[in-house]
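The structure presented is a predicted model; accordingly, all values stated were derived computationally and were not measured.
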Amino acid sequence: MSQWLENKASVEVAAPLETCWALWDDRERIPEWMPWIKSVKVLDTDPRLSRWTLATNQFGRDWEFSWLARNLPPVKNSKIHWVSERGSASLGLEIQNRGQIKFVRTSPSSCNITLIISYEVPDVLVPFANALTPLVEGIISKDMERFREMVVVSKVSSNTAAA
């Protein structure tokens with residue numbers, strides 16, 4: 001038996017929804033604002049699949065593993081989502097996961113973005129995984145802040161160059 005745990009973080013971004021959507025839709029750019037994701041590579045042989053590699057130092061140890069994700073059909077300017085493929089994880093560490101990015105226009109020049117990451121854990125490990133929820137949500141909250149800053153700096157640079 002197992003249970004799915006969910007972590008989420010939201011951010012308000014002072015940029016048009018379409019700008020933010022385009023950045024998230026280019027999955028290979030995600031490590032720019034999520035440094036614990038070492039890489040995301042969309043497969044040349046099947047662009048519906050992407051290889052994700054996570055790298056982090058936790059509990060005094062370096063951890064790195066990867067998995068294959070199926071990029072589900074997006075809902076244009078509303079939701080980008082994916083689910084891991086069973087049997088695709090490295091190191092024999094099989095943690096099923098899924099994620100989604102939800103976009104809501106709050107004005108013509110701003111939007112709210114919510115990142116939701118869910119993962120499956122065996123029942124026996126749920127108490128430990130629940131204890132990690134604040135850590136995971138803290139990490140993804142910083143990622144969302146990093147994304148907002150990147151967009152704002154990029155927007156300022158574009159405006160300065162155009163002036």
Gap between atom CE of M144 and atom CE of M34 - 0.5 Å precision: 8.0 Å

Is W21 close to D26 at the side-chain level, that is, under 4.5 Å between some pair of heavy atoms? no

If we only count heavy atoms from C-beta on, is the T53 to P31 side-chain gap below 4.5 Å? no

Would you kindly say whether E12 and T106 are connected by a side-chain donor-acceptor distance under 3.5 Å? yes

Any salt bridge linking E32 with R29? Criterion: basic side-chain nitrogen under 4.0 Å from a carboxylate oxygen. yes

Quick one: does V136's side chain get under 4.5 Å of I139's, heavy atoms only? no

Flag the pair W63 / F65 as yes when their ring centroid distance falls below 6.0 Å, and as no otherwise. no

Would you call R51 and E85 a salt bridge, using N to O less than 4.0 angstrom? no

Applying side-chain hydrogen bond (donor to acceptor under 3.5 Å, both in side chains), run through W52 and S50 and close with a yes or a no. CA-CA 6 Å; W52 293 64; S50 52; 2.9 Å; yes

Run the side-chain contact (heavy atoms from CB on, under 4.5 Å) test on F147 and I101 for me, step by step, so that the C-alpha distance in whole Å, both residues' side-chain angles and the decisive distance to 0.1 Å come before the verdict. CA-CA 12 Å; F147 176 81; I101 314 294; over 6 Å; no

To the nearest 0.5 Å, tell me how far S78 OG sits from K76 NZ. 11.5 Å

Check step by step if salt bridge (charged side-chain N to carboxylate O under 4.0 Å, His left out) holds for R98 and E6. CA-CA 9 Å; R98 59 184 177 232; E6 180 178 285; over 6 Å; no

side-chain contact (heavy atoms from CB on, under 4.5 Å) for V11 and N112? Distances and angles first, verdict last. CA-CA 6 Å; V11 68; N112 183 276; over 6 Å; no

Are side-chain heavy atoms of K38 and T56 found at a separation under 4.5 Å? no

Taking atom OG of S110 and atom CG of L17, what is their separation to the nearest 0.5 Å? 9.5 Å

Looking only at atom types and distance, does a side-chain atom of N71 sit under 3.5 Å from a main-chain N or O of R48, one as donor and one as acceptor? yes

State, with a plain yes or no, whether a side-chain heavy atom of V153 is found less than 4.5 Å away from one of R148. no

Are the aromatic rings of W24 and W33 close, with centres under 6.0 Å apart? yes

Within-4.5 Å side-chain heavy-atom neighbours: I80 and F103: yes

Carboxylate-amine/guanidinium contact K8 E137, below 4.0 Å: no

First locate atom CG of L54, then atom CD1 of I37, and finally report the distance between them rounded to the nearest 0.5 Å. 5.0 Å

Value for CD (E120) from CG (L5), rounded to nearest 0.5 Å, stands at 10.0 Å

S84 side chain to Q96 main-chain N or O, any donor-acceptor pair under 3.5 Å? no

Under the side-chain contact (heavy atoms from CB on, under 4.5 Å) criterion, do W82 and V40 qualify, and how do the steps go? CA-CA 12 Å; W82 62 91; V40 179; over 6 Å; no

So K41 and E28, do their side chains get closer than 4.5 Å, heavy atoms only? yes

Charged N to carboxylate O under 4.0 angstrom, E149 versus R146? no

Between L132 and W4, is there shared hydrophobic-cluster membership here, with clusters defined by ILVMFWY side-chain heavy atoms closer than 4.5 Å? no

Evaluation steps, side-chain contact (heavy atoms from CB on, under 4.5 Å), between L49 and V42: CA-CA 6 Å; L49 298 174; V42 176; over 6 Å; no

Is there side-chain contact between L72 and V83, with heavy atoms separated by less than 4.5 Å? yes

Counting distance only, does the side-chain N/O of H81 pair as donor-acceptor with the main-chain N or O of V75 below 3.5 Å? no

When rounded to the nearest 0.5 angstrom, what is the spacing between CG in N97 and CG in N7? 11.5 Å

